[in-house]
Amino acid sequence: MVDFINLEDVPFSLEKTLECGQTFSWNKIKEEDTEKYYTVRSGGVLKVWQDGDKLFYTNQGDEVDPIDVLRLDDKLDDIYESMNKDRFIERTIAANYGLRIVRDDFFPCLISYITSSQMQIPRIKRIQKDIRINYGASLDFDREYYQFPSPESLAEVPENELRDLNAGYRAGYIKRTSEMIRDGVVDPGEIRRLNYEEAKDKLMILPGVGEKVADCVLLFSLDFLESFPIDTWIRKIVKKEYNGKYSKNYSELSENMRNYFGKYAGYAQEYLFHYGRTCMDPDSP
DNA sequence: CTCCAGGGAGCCT
DNA sequence: AGGCTCCATGGA
């Protein structure tokens, strides 16, 4: 059954939100000449497509709510007002109007960002998909879909099998992190109750999780909208456009940007990131 | 062929 | 604390 959400007065671009590189948990398919996206969660399958101010969706299991996973209840105009500190960020807002931060499931988000180090985005996505197909439970919806495996399941996978999925040297990180999540050493529910600094320190206990991966997981799955992840792209863009606030040191640079953009710095980060990748050459002077 | 990719760990000072 | 090197592997 197809339902829809009325997006009048709700700024939203499905395409920008899911194509900007923040999530590896969504896939695009074409059905009857329409570009659609689907995600498979612990709660079931959700398929969505947008036509102007209508967001159509079908899902299996009411717990996979598009309003929740696409953060449609974020007050985007208020967020823009809060983070709109200068002409450059204003330009990125104009170029990416309607882009929202996603709310992904914690475990697949964590494993994907551990995988992401020294890798290109299409390959990260491919590895998550291969993990799902090889080790995830299947769900029967309009066809067969695959959930991301539980920490319990993934912890049992031999390291060399993960290497065979082209995870490379990250295979050991994936296995050991899965074991620690399984054993409750790090618990996403507990992390949500901590403040930003404590939550980040806790995540960084996990092997393969440094500052950048921790910031991504906090932002894209644990609702820490002030988190400002710094990758090679952001580093170039900030150095070029915000030179006075630039620092080689990750912690210092990240703190500078959080102080500057405020409590929605994570939104600012994603707008800068996507603008930098699509609208400018960060290497040019 | 060489170089680099949404970094992090381990070692060094 | 801060700096350096290596880590697999695909794609340009």
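In what follows, chains carry the letters A, B, and so on, assigned in the order in which the sequence lines appear, proteins first and then strands, with residues in each chain numbered from 1. If you're wondering where the values come from, they're calculated on a predicted model, not measured in any experiment.
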Contact letters for nucleotides 1-12 of chain C, in which S counts primed atoms plus P, OP1 and OP2 and B counts the base, heavy atoms under 4.0 Å: -SS---BBBBS-
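Legend: residues meeting ring-ring contact (aromatic ring centres under 6.0 Å, His included) with A:Phe107, ordered by chain and number and at least two apart, are A:Phe148. Scanning for side-chain hydrogen bond (donor to acceptor under 3.5 Å, both in side chains) contacts around A:Ser251 gives A:Glu211, with sequence neighbours left out. Scanning for side-chain hydrogen bond (donor to acceptor under 3.5 Å, both in side chains) contacts around A:Arg193 gives an empty result, with sequence neighbours left out. With sequence neighbours left out, the side-chain hydrogen bond (donor to acceptor under 3.5 Å, both in side chains) criterion links A:Tyr275 to no other residue. By the side-chain hydrogen bond (donor to acceptor under 3.5 Å, both in side chains) test, A:Lys28 pairs with A:Glu19, sequence neighbours left out.
If you check residues 91-109 of chain A against DNA chain B, you find no residue with a heavy atom closer than 4.0 Å. For the contact set between residues 265-272 of chain A and DNA chain B, defined by any heavy atom under 4.0 Å, the members are A:Gln269, A:Glu270.
Atom pair A:Arg235:CZ and B:dA5:P shows a separation of 13 Å (rounding to whole Å applied).
Cluster partners of A:Ile29, by chain and number: A:Tyr38, A:Val40, A:Val45, A:Leu139, A:Phe141, A:Tyr145. The rule joins Ile, Leu, Val, Met, Phe, Trp and Tyr whenever side-chain heavy atoms lie under 4.5 Å apart.
To the nearest whole angstrom, the two P atoms, one in C:dG2 and one in B:dG6, are 26 Å apart. Taking the P atom of each, C:dA8 and B:dC11 are spaced 15 Å apart, rounded to whole Å. Rounded to whole Å, the separation between the C1' atoms of B:dA5 and C:dC7 comes to 13 Å.
Each salt bridge (charged side-chain N to carboxylate O under 4.0 Å, His left out) pair with one or both residues in residues 147-163 of chain A, not counting sequence neighbours, appears once here: A:Glu156-A:Arg182, A:Glu159-A:Arg163.
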Between N or O atoms, less than 3.5 Å apart, protein on one side and nucleotides 10-13 of chain B on the other: list the pairs.
none

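In DNA chain B, stems built from 3 or more consecutive Watson-Crick or G-U wobble pairs, each with both distances under 3.5 Å, span B:2-5 with C:9-12, B:7-13 with C:1-7.
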